[in-house]
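Keep in mind the model is a prediction, meaning the values are calculated, not measured.
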Amino acid sequence: MKEIYKKTSKVSFIGGIGAAIFGIIFYFFGYKDFATNGDILGYAFLFAVISIGAGFYFKNAYEKLSNDTSSPGESRLNLESLNELIFQRVPSFLPKVYNVDANGEPVFKIETSADNMSKWLTVFDLFEKGFVIPVHYAISDMEGQPIATFTIKDNLKRSELTLMKPDGTRIGTYIQHLSKSALKNRGVLYHTDGSVWRELEAKNMAGDIDVKDEEGSMTASYRFGVFPHAMKPAFQSTAHHEHMRLGIHISDDEKLAYAMIFYLWLK
């Protein structure tokens, strides 16, 4: 979380200073009077104050974690022992998400694939989920070593996500028909041979979900607003965190499939 807070602080400062500079330039070259166009000046000033304030807030959060003498947990990626997903959006020009552990240490990241030009379309939210033009994402460890890739395609009728190994071997496909998931997420995860791997259906509009295997054991669960690590120092500076619990007994491929699916659901 330290890096996320540090980047958030920088982005906030840049936005606030930029708004302040715009306000000064506008005051001297575009401002007439408050009744005519003073609202623009007011909005610029308000945005500058809020952004700079946020910059100091997250700078303080970063420094508190940097000065923390407690020993962080093991953050190296070990899919076999991975039993939860905690997604944290990273301030970035292009979409980037870190999955962090219970201590806030980054474990792996999801970002647009550097090998595909479609990544530049994801600057716009409309294209981030593969609207019309498929978007390719890479899952890699914090050293940049590839773990898997996935592609999102949305043709207005259904969303199709394809999970692959770094060498291009397909692992599975998730299909969600938009007509059946307008109010709550619902879809099917398929094996490469077309057989059903898992059926996923949210319990309510908040997105709460329980996914069980053939023996009735839980493979994945999500509860909106429930975060078991809220009192840990790394997470106290922000109020909202997405947490998904994974079955420790499921395969590495299935864990990656859930990371792909929840990335779609929680965007």
With a 4.5 Å heavy-atom cut-off, do I110 and N99 have their side chains touching? no
Listing request: all ring pair (Phe, Tyr, Trp, His ring centres under 6.0 Å) pairs with a residue in residues 197-220, at least two apart in sequence or in separate chains. H191-W197
Linked, directly or transitively: F13 and V90 (ILVMFWY side chains, under 4.5 Å): no
Side chain to side chain donor-acceptor pair (under 3.5 Å) pairs, two or more places apart, involving residues 206-219: R198-E214, K203-D210, N204-D208, D210-R223, D213-H249, T219-Y258
Flag yes if more than 12 heavy atoms outside F56 fall under 6.0 Å of its CZ atom; otherwise flag no. no
Hey, are the side chains of I248 and L82 touching, using non-hydrogen atoms and a 4.5 Å cut-off? no
When you group the ILVMFWY residues by side-chain heavy-atom contacts below 4.5 Å and let the links chain together, are F45 and F26 in the same group? no
Interatomic distance, CZ@F108 vs CG@D141, rounded to 0.5 Å, equals 10.5 Å
Set of side chain to side chain donor-acceptor pair (under 3.5 Å) partners for D39, sequence neighbours left out: none
According to a 4.5 Å side-chain heavy-atom criterion applied to Ile, Leu, Val, Met, Phe, Trp and Tyr, with indirect links allowed, do V49 and I24 form part of one hydrophobic cluster? no
K96 meets the salt bridge (charged side-chain N to carboxylate O under 4.0 Å, His left out) criterion, sequence neighbours left out, with E111
In terms of heavy-atom contacts, does CZ of R170 have more than 12 from other residues, nucleotides or ligands at under 6.0 Å? no
Which heavy atom in A220 sits nearest to a heavy atom in L246, and how many Å separate them? CB-CD2, 4.2 Å
Identify every side-chain donor-acceptor pair in residues 144-153 under 3.5 Å, counting partners at least two apart or on other chains, and give the distances.
from, atom 1, to, atom 2, distance (Å)
T151, OG1, H136, ND1, 2.8

Measure the CG-CD distance between D154 and Q176 for me, rounded to the nearest 0.5 Å. 9.5 Å
Using the rule that two of Ile, Leu, Val, Met, Phe, Trp, Tyr join whenever any of their side-chain heavy atoms come within less than 4.5 Å, decide whether I261 and L79 are in one cluster. yes
Residues clustering with I175 (ILVMFWY side chains joined when closer than 4.5 Å, directly or via others): V188, Y190, V196
List the residues meeting side-chain contact (heavy atoms from CB on, under 4.5 Å) with A102, not counting sequence neighbours, and say none if there are none. E84, H229, K232
R89 vs Y98, side chain to side chain contact (heavy atoms under 4.5 Å, CB included): CA-CA, chis, key distance, verdict: CA-CA 6 Å; R89 183 86 179 223; Y98 282 177; over 6 Å; no
Using side-chain heavy atoms (C-beta onward) and a distance below 4.5 Å, is Y137 in contact with V97? no
Step-by-step side chain to side chain donor-acceptor pair (under 3.5 Å) determination, S251 to D253: CA-CA 5 Å; S251 68; D253 287 348; 5.4 Å; no
Do Y222 and H243 have side chains that get closer than 4.5 Å, going by heavy atoms? no
Tightest non-hydrogen contact, residues A202 and K184, listed as O-CD, 3.4 Å
Show the nearest heavy-atom pair for residues G16 and A48, with the distance to one decimal. O-CB, 3.4 Å
Residue F87 excluded, over 12 heavy atoms near CZ under 6.0 Å: yes
Scanning both residues in full, the closest heavy-atom pair of D101 with I86 reads O-CD1, 3.8 Å
Once you round to the nearest 0.5 Å, how far does CG of L85 lie from CD of E242? 11.0 Å
How many angstroms lie between CE in M205 and CG in N185, if you round to the nearest 0.5 Å? 10.5 Å
What's the shortest heavy-atom distance between F22 and A44, and which atoms? CD2-CB, 3.9 Å
Determine, using the 4.5 Å side-chain heavy-atom cutoff (strictly less than), whether F227 and I4 are members of one ILVMFWY cluster. yes
In short, side chain to side chain donor-acceptor pair (under 3.5 Å) pairs touching residues 5-28 with sequence neighbours left out are E3-K7
Partner residues of Y263 under the side chain to side chain donor-acceptor pair (under 3.5 Å) criterion, sequence neighbours left out: none
R186 side, atom CZ; L178 side, atom CG - distance, nearest 0.5 Å: 12.5 Å
With sequence neighbours excluded, residues passing side chain to side chain donor-acceptor pair (under 3.5 Å) with Q88: H241
Would D193 and S195 count as having a side-chain donor-acceptor pair, cut-off 3.5 Å? yes
Side chain proximity check, K109 to S140, heavy atoms < 4.5 angstrom: yes
Under a 4.5 Å cut-off applied to non-hydrogen side-chain atoms, are F131 and N155 in contact? no
Side-chain atoms of residues 156-165: list all donor-acceptor pairs with protein atoms under 3.5 Å, sequence neighbours left out, distances to 0.1 Å.
from, atom 1, to, atom 2, distance (Å)
R158, NH2, E160, OE1, 2.7

Is there a side chain to side chain contact (heavy atoms under 4.5 Å, CB included) between F262 and I209? Walk through the geometry before answering. CA-CA 11 Å; F262 281 113; I209 189 170; 3.9 Å; yes
Other hydrophobic cluster members with L46, side-chain heavy atoms of Ile/Leu/Val/Met/Phe/Trp/Tyr under 4.5 Å, chained? I50
Where is the tightest heavy-atom contact between T122 and P95, given as atom of each residue plus distance? OG1-CD, 3.1 Å
